[in-house]
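Only this structure's heavy atoms are used, side chains among them; waters, hydrogens and symmetry mates stay out.
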Amino acid sequence: MNNSTSAGVYANGNDNKKFKGDRPPCSPSRVLHLRKIPCDVTEAEVISLGLPFGKVTNLLMLKGKSQAFLEMASEEAAVTMINYYTPVTPHLRSQPVYIQYSNHRELKTDNLPNQARAQAALQAVSAVQSGNLSLPGATSNEGTLLPGQSPVLRIIIENLFYPVTLEVLHQIFSKFGTVLKIITFTKNNQFQALLQYADPVNAQYAKMALDGQNIYNACCTLRIDFSKLTSLNVKYNNDKSRDFTRLDLPTGDGQPSLEPPMAAAFGLSVSAVPGALGPLTLTSSAVSGRMAIPGASGIPGNSVLLVTNLNPDFITPHGLFILFGVYGDVHRVKIMFNKKENALVQMADASQAQIAMNHLSGQRLYGKVLRATLSKHQAVQLPREGQEDQGLTKDFSNSPLHRFKKPGSKNFQNIFPPSATLHLSNIPPSVTMDDLKNLFTEAGCSVKAFKFFQKDRKMALIQLGSVEEAIQALIELHNHDLGENHHLRVSFSKSTI
């Protein structure tokens, strides 16, 4: 585009119109249009958005309009960048930035004023990419990139007291560049991950900053080195692996496809990890999952969940309290007065809300598929005195049924996804197998198998006809009075009979 055309385009704001929803999105182009950029942003910061996907060949800043145009070396790099940033909104200086293909096929900026800074920034970045400059803040022996250094990091997490999800890894490592792919797995009883940046510079920077750091206070220590692999092949997008540039990949496990806020927390048992910290050495902030890495905000979002698509004929505040209480301490529940298939559930903290959401969203309950997302509300308000509520709002903060109130509770080690097999405990000696089978049958369940623990008859496993049956049985029978001052404790089990 020549100078006169470009001036007309920017004066008329033609590129801006397509964001109003009245025109289809543009076809792919190696020129990308960025909106809502902060007025004090630097050229280098804008260029950094494109770097992980390939060489950035040109830049035009329109600070007066809070816009910029970024030209990539190839259309393929631009497509990968758009695919990545569609579900994961990029931020510059903590402000969301919006990116779409431009109508223009290339940027001709030779005759435009004020381009010197952009060209200088592009040259500086090019020098860093080619390995001629060391990274800022790096000592000389670490900062220069070794030839052929891999963009893939191997991460081992030691002292795994608290579940570390793929989402948490993505959040932490994204601070050092754009993460393209992650694969998680357990090897030698250790939780490990392979994580690929598009540029080895980012991998080097992340390794320098994060190796030896704790994710949560006093636990979940990162041990990072470079992988021999230079690229990861991700076949499935689920809670174990993710290719952030390919939204079309199957989940591979027959589960509903993942929505961006989903992806399950791993219920990993601490006892399986050598050298894990005992509960006594943990601070309460580790138990509640507060991030120890500076700048990482803990698990994103607040502690209130919006739960939708409930069955209003069966659901009660108490039922939601029992179910969500498997994954954290529920303080308050509010079923919406005018829309009873929706409810708000307030957990003790944001990390418990995330774990509950990850495990329960997509599960069937009373014939409907439950959905849980983070709410915009920061707290559940109790009804004012005299306000009609029909008992739809309940405060459970002082309930004796909280599973995680005690710091270092073993329950933190036994967080598992809903399953058809339930773990029963606190069974008095007089209660027989037939008593318990009858109890579940009367609650409408089909009992497939049952077995007492050999060493401890206070505990048993019971396998029901489906996961949905087990969820409903847990809601109805947890804390059931078995007599002799024994109340039945019901949890999901990782085992089968």
Exercise for the section: Could you walk me through whether L310 and L320 pass the side-chain contact (heavy atoms from CB on, under 4.5 Å) test, one step at a time? Expected result: CA-CA 10 Å; L310 296 165; L320 289 171; 4.1 Å; yes
Handout entry: E167 bridged to R242 by N-O distance under 4.0 Å
Key =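 Judged by the 4.0 Å cut-off on N to carboxylate O distance, E167 and R242 do form a salt bridge.
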Minimum heavy-atom distance [X]-[Y], with the two atoms named:
| X | Y | answer |
| --- | --- | --- |
| C220 | I157 | CA-CG2, 3.8 Å |
| Y101 | S27 | CB-O, 3.6 Å |
| R371 | S361 | CA-OG, 3.6 Å |
| I37 | Q67 | CD1-O, 3.4 Å |
| S419 | A470 | O-CB, 3.1 Å |
| I335 | T316 | CD1-C, 3.7 Å |

Quick one: does [X]'s side chain have a donor or acceptor within less than 3.5 Å of a partner on [Y]'s backbone?
| X | Y | value |
| --- | --- | --- |
| Q472 | Y366 | yes |
| N237 | R246 | yes |
| N479 | H487 | no |

Just say parallel, tilted or perpendicular for the rings of [X] and [Y], cut-offs at 30° and 60°.
| X | Y | value |
| --- | --- | --- |
| H331 | H402 | tilted |
| Y197 | F173 | tilted |
| F450 | F452 | perpendicular |

Check the side chains of [Y] and [X] for a donor-acceptor pair under 3.5 angstrom, ignoring hydrogens and angles.
| X | Y | result |
| --- | --- | --- |
| T441 | N438 | no |
| R403 | S491 | yes |
| E45 | T42 | yes |
| S397 | D395 | yes |

Is it true that atom [atom1] of [X] has more than 12 heavy atoms of other residues, nucleotides or ligands lying nearer than 6.0 Å?
| X | atom1 | result |
| --- | --- | --- |
| N485 | CG | no |
| K63 | NZ | yes |
| K458 | NZ | no |
| K394 | NZ | no |

Exercise for the section: Run the numbers on F324 and V333 for side-chain contact (heavy atoms from CB on, under 4.5 Å), then give the verdict. Expected result: CA-CA 10 Å; F324 280 77; V333 177; over 6 Å; no
Problem - Any side-chain heavy-atom pair of F440 and L424 under 4.5 Å - result: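 In contact.
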Handout entry: Flag side-chain contact, heavy atom, 4.5 Å: V41 against M61
Key =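 A side-chain contact under 4.5 Å exists here.
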Exercise for the section: Apply the test side-chain contact (heavy atoms from CB on, under 4.5 Å) to residues K235 and S241: give CA-CA distance (whole Å), side-chain angles for both, the deciding distance (0.1 Å), then the verdict. Expected result: CA-CA 8 Å; K235 294 179 182 173; S241 62; over 6 Å; no
Exercise for the section: Applying side-chain contact (heavy atoms from CB on, under 4.5 Å), run through T393 and F337 and close with a yes or a no. Expected result: CA-CA 9 Å; T393 308; F337 187 76; over 6 Å; no
Nearest 0.5 Å, what's the [atom1]-[atom2] distance between [X] and [Y]?
| X | Y | atom1 | atom2 | result |
| --- | --- | --- | --- | --- |
| S466 | K448 | OG | NZ | 9.0 Å |
| Q196 | I182 | CD | CD1 | 11.0 Å |
| I172 | I215 | CD1 | CD1 | 4.0 Å |
| N426 | L482 | CG | CG | 7.5 Å |
| L153 | L195 | CG | CG | 6.0 Å |
| L344 | T308 | CG | OG1 | 11.0 Å |

Exercise for the section: Check step by step if side chain to side chain donor-acceptor pair (under 3.5 Å) holds for T80 and N83. Expected result: CA-CA 5 Å; T80 307; N83 285 348; 5.8 Å; no
Practice task
Assert yes or no for the condition that the ring centre distance of F453 to H423 is strictly below 6.0 Å.
Solution key: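 F453 vs H423: aromatic centres under 6.0 Å.
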